[in-house]
2 protein chains.
Amino acid sequence: MPKISDARRDARRNQILEAAQRAFAAKGYQHTSMAEVIAEAELSTGAVYGYFDGKRDLFAAVAKQVLGRRNADLVAAAADGSPPAPAEVLEIVLDGTRSEGLDLRLLVQLWGEATVDPEMRDVVNAGVKVLGGAFRAALRRWFEVHPEHAPDGADVAAENLVPVLMGMGQGFIFQSAMLDGFDSRAYLDGARRILPH
Amino acid sequence: MPKISDARRDARRNQILEAAQRAFAAKGYQHTSMAEVIAEAELSTGAVYGYFDGKRDLFAAVAKQVLGRRNADLVAAAADGSPPAPAEVLEIVLDGTRSEGLDLRLLVQLWGEATVDPEMRDVVNAGVKVLGGAFRAALRRWFEVHPEHAPDGADVAAENLVPVLMGMGQGFIFQSAMLDGFDSRAYLDGARRILPH
DNA sequence: GTCTATAGCAAGATAGAC
DNA sequence: GTCTATCTTGCTATAGAC
């Protein structure tokens with residue numbers, strides 16, 4: 001039986017998660033000390049360790065939350081109205097990050113960490129799998145309405161397009177986080193030009 | 001005046017770089033200690049610090065070498081014969097990494113580090129700039145031969161395609177390094193299908 | 001130029017009071 | 001549940017012999 005209400009516990013947990021997200025985005029996961037996360041959350045060591053096992057656990061939780069929100073965007077947008085075109089699918093997901101003010105460097109840091117940490121790798125794989133499913137479903141619906149772009153059927157067309165469309169999204173994230181003078185409109189224009197429409 | 005010949009010095013330097021590349025790829029830049037790099041190179045602390053200022057300097061040098069080789073591949077392939085189609089441009093660069101046996105996780109780690117380390121960020125920006133120039137030149141030549149895909153001229157068509165084509169390459173690198181059961185052929189097939197040809 | 005040994009520091013996590 | 005104080009570990013980089 002918890003000493004404080006579940007609602008209050010959840011609020012604290014969220015307070016810590018949001019502070020961690022800010023801190024990690026600012027200085028990077030690797031270069032952020034627990035002391036900095038704790039200061040950002042305006043709590044004390046003991047309090048934070050009461051909610052999370054440590055720095056890795058905290059980063060994994062932040063990542064899961066972020067990936068979950070991206071997926072929710074796409075599912076919501078695909079559910080109502082006419083199915084979005086491939087380029088629009090990409091824009092929905094990327095716009096979600098922008099409107100949320102998500103620092104895309106955080107995702108690139110997650111990728112880097114996932115290359116050597118199996119726990120993080122699992123988080124990334126799970127995120128890509130879920131998001132990929134949402135991509136596939138949205139594309140399939142669009143190809144059903146546009147059979148002229150799907151000679152072998154909507155299923156096959158969607159299946160073929162998913163990896164490379166996600167790749168274009170990952171490329172956007174990378175370039176946006178990394179390149180001086182990245183032009184997101186030009187990138188999306190280029191994508192629109194080659195994607196079926 | 002060097003106490004040992006330049007050739008010998010270069011060989012030592014390369015020995016260290018290759019050891020560092022192996023060590024970083026295996027455990028990740030962040031999680032590799034200098035002691036491990038030194039053991040891999042079969043040298044001693046003092047010897048390694050005689051050639052590099054420290055771990056960061058070493059990683060930057062490894063990254064520059066790798067990016068330089070990728071660029072050389074593309075320049076060489078574009079120079080002779082008929083200009084490669086967009087999908088082929090992508091394949092040339094990605095095949096180069098495979099034939100070299102480069103562990104793509106190394107690049108993803110570089111990206112992660114570059115989000116927080118200005119020196120690494122400069123390395124990545126310089127690499128993308130050079131490689132982007134090679135992409136642009138190759139695409140321009142192809143569009144000149146295929147004006148039906150370039151209504152506004154070869155220059156504009158190439159300019160528009162470069163960011164998203166590089167993005168597809170970055171997506172490939174990410175997925176290849178990260179996803180369980182990544183199918184590189186399926187990815188490239190999907191790319192070929194949407195790219196002009 | 002290369003070696004061994006170690007100084008010196010940063011930071012993740014814990015112990016115990018309240 | 002939350003706080004302060006601190007313990008412990010691991011690692012980068014240097015100093016000095018050969």
Side-chain angles (χ1 to χ4, degrees), chain A residues 1-63 109 112-113 116-120, chain B residues 1-24 26-63 109 112-113 116-117 119-120:
Chain A
M1 212 170 197
K3 300 259 174 80
I4 58 174
S5 73
D6 283 4
R8 184 132 193 79
R9 200 177 159 80
D10 273 10
R12 262 269 183 281
R13 206 186 130 88
N14 240 299
Q15 173 189 354
I16 296 169
L17 275 179
E18 280 173 24
Q21 182 171 334
R22 281 194 300 275
F24 290 151
K27 298 192 57 180
Y29 167 66
Q30 299 282 359
H31 296 83
T32 303
S33 68
M34 281 300 275
E36 285 167 320
V37 173
I38 288 156
E40 181 75 34
E42 296 182 308
L43 287 172
S44 66
T45 317
V48 171
Y49 276 94
Y51 289 86
F52 295 94
D53 284 346
K55 205 165 97 157
R56 284 172 26 131
D57 187 34
L58 199 45
F59 192 46
V62 169
Q109 287 158 22
E113 193 59 21
V116 288
D117 182 331
E119 186 183 336
M120 298 300 174
Chain B
M1 211 169 197
K3 298 261 177 78
I4 58 175
S5 72
D6 283 3
R8 185 132 193 81
R9 200 175 160 82
D10 272 11
R12 262 270 184 280
R13 207 186 130 88
N14 240 300
Q15 173 188 357
I16 297 168
L17 276 179
E18 280 173 25
Q21 181 171 334
R22 280 194 302 275
F24 289 151
K27 296 191 61 180
Y29 167 66
Q30 299 281 359
H31 296 82
T32 303
S33 68
M34 280 301 274
E36 286 167 320
V37 173
I38 287 156
E40 181 75 33
E42 297 181 304
L43 288 171
S44 67
T45 317
V48 171
Y49 276 93
Y51 289 87
F52 295 94
D53 284 346
K55 206 166 94 156
R56 283 173 27 132
D57 186 35
L58 200 43
F59 192 46
V62 169
Q109 287 158 22
E113 193 59 21
V116 288
D117 182 332
E119 186 184 335
M120 298 297 173

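Excluded from the calculations below are hydrogen atoms, water molecules and symmetry mates; all remaining heavy atoms, backbone and side chain alike, are included.
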Undergrad: Between B:R9 (CZ) and C:dT2 (C1'), how many Å, whole number?
TA: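 To the nearest whole Å, that distance equals 12 Å.
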Undergrad: Without decimals, in angstroms, what is the distance between A:K55 NZ and C:dA10 P?
TA: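 In whole Å, C:dA10 P and A:K55 NZ are 15 Å from each other.
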Undergrad: Produce the list of close N/O pairs, under 3.5 Å, pairing protein atoms with atoms of nucleotides 15-18 of chain C; give distances to one decimal.
TA:
none

Undergrad: Applying a 4.0 Å non-hydrogen cut-off, can you work out what A:F52 is touching in the nucleic acid: base, sugar-phosphate, or nothing?
TA: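 Counting heavy atoms under 4.0 Å across all strands, no contact is made by A:F52.
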Undergrad: I need the full list of salt bridge (Lys or Arg N to Asp or Glu O under 4.0 Å) pairs touching residues 43-54 of chain A, with sequence neighbours left out, sorted by first then second residue.
TA: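 Listed once each, the pairs would be none.
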Undergrad: Between B:Q30 and B:Q109, do the side chains contain an N or O donor and an N or O acceptor separated by less than 3.5 Å?
TA: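 Per modelled atom types, B:Q30 and B:Q109 side chains form no pair under 3.5 Å.
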Undergrad: Would A:R56 pass as a cation-pi partner of A:Y29, given that its NZ or CZ must be under 6.0 Å from the six-membered ring centre and within 45 degrees of the axis?
TA: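 No, cation not above the ring by the 6.0 Å, 45° rule.
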Undergrad: Reckon A:R8 has a side-chain N or O less than 4.0 Å from the OP1 or OP2 of D:dG1?
TA: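 So the side-chain polar atoms of A:R8 never come under 4.0 Å of the phosphate oxygens OP1 or OP2 of D:dG1.
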Undergrad: Just by distance, do the side chain of B:Q15 and the backbone of B:A41 share a donor-acceptor pair under 3.5 Å?
TA: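 Confirmed, B:Q15 side chain pairs with B:A41 backbone.
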Undergrad: Go through B:L17 and B:Q21 one step at a time and tell me if the side chain to side chain contact (heavy atoms under 4.5 Å, CB included) criterion holds.
TA: CA-CA 6 Å; B:L17 276 179; B:Q21 181 171 334; over 6 Å; no
Undergrad: Between A:T45 and A:M34, is a side chain to side chain contact (heavy atoms under 4.5 Å, CB included) present by the stated rule, with each step listed?
TA: CA-CA 8 Å; A:T45 317; A:M34 281 300 275; over 6 Å; no
Undergrad: In residues 22-44 of chain A, which ones come under 4.0 Å of DNA chain D, going by heavy atoms?
TA: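 Heavy-atom contacts with DNA chain D come from A:L43, A:S44.
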Undergrad: Determine, stepwise, if the pair A:K55 / A:F24 fulfils side chain to side chain contact (heavy atoms under 4.5 Å, CB included).
TA: CA-CA 10 Å; A:K55 205 165 97 157; A:F24 290 151; 4.3 Å; yes
Undergrad: Taking atom P of D:dT4 as reference, at what distance in whole Å does atom OH of A:Y49 sit?
TA: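 Checked: the OH to P distance equals 16 Å.
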Undergrad: Taking atom CD of B:E113 and atom CE of B:M120, what is their separation to the nearest 0.5 Å?
TA: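 So the CD of B:E113 and the CE of B:M120 are separated by 5.5 Å.
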Undergrad: OP1 or OP2 of D:dT12 versus the side-chain N and O atoms of B:R56: is any pair under 4.0 Å?
TA: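 It does not, given that no N or O in the side chain of B:R56 lies less than 4.0 Å from OP1 or OP2 of D:dT12.
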Undergrad: A:Y51 OH to D:dT2 P: how many Å, rounded?
TA: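 Going from A:Y51 (OH) to D:dT2 (P), I get 4 Å.
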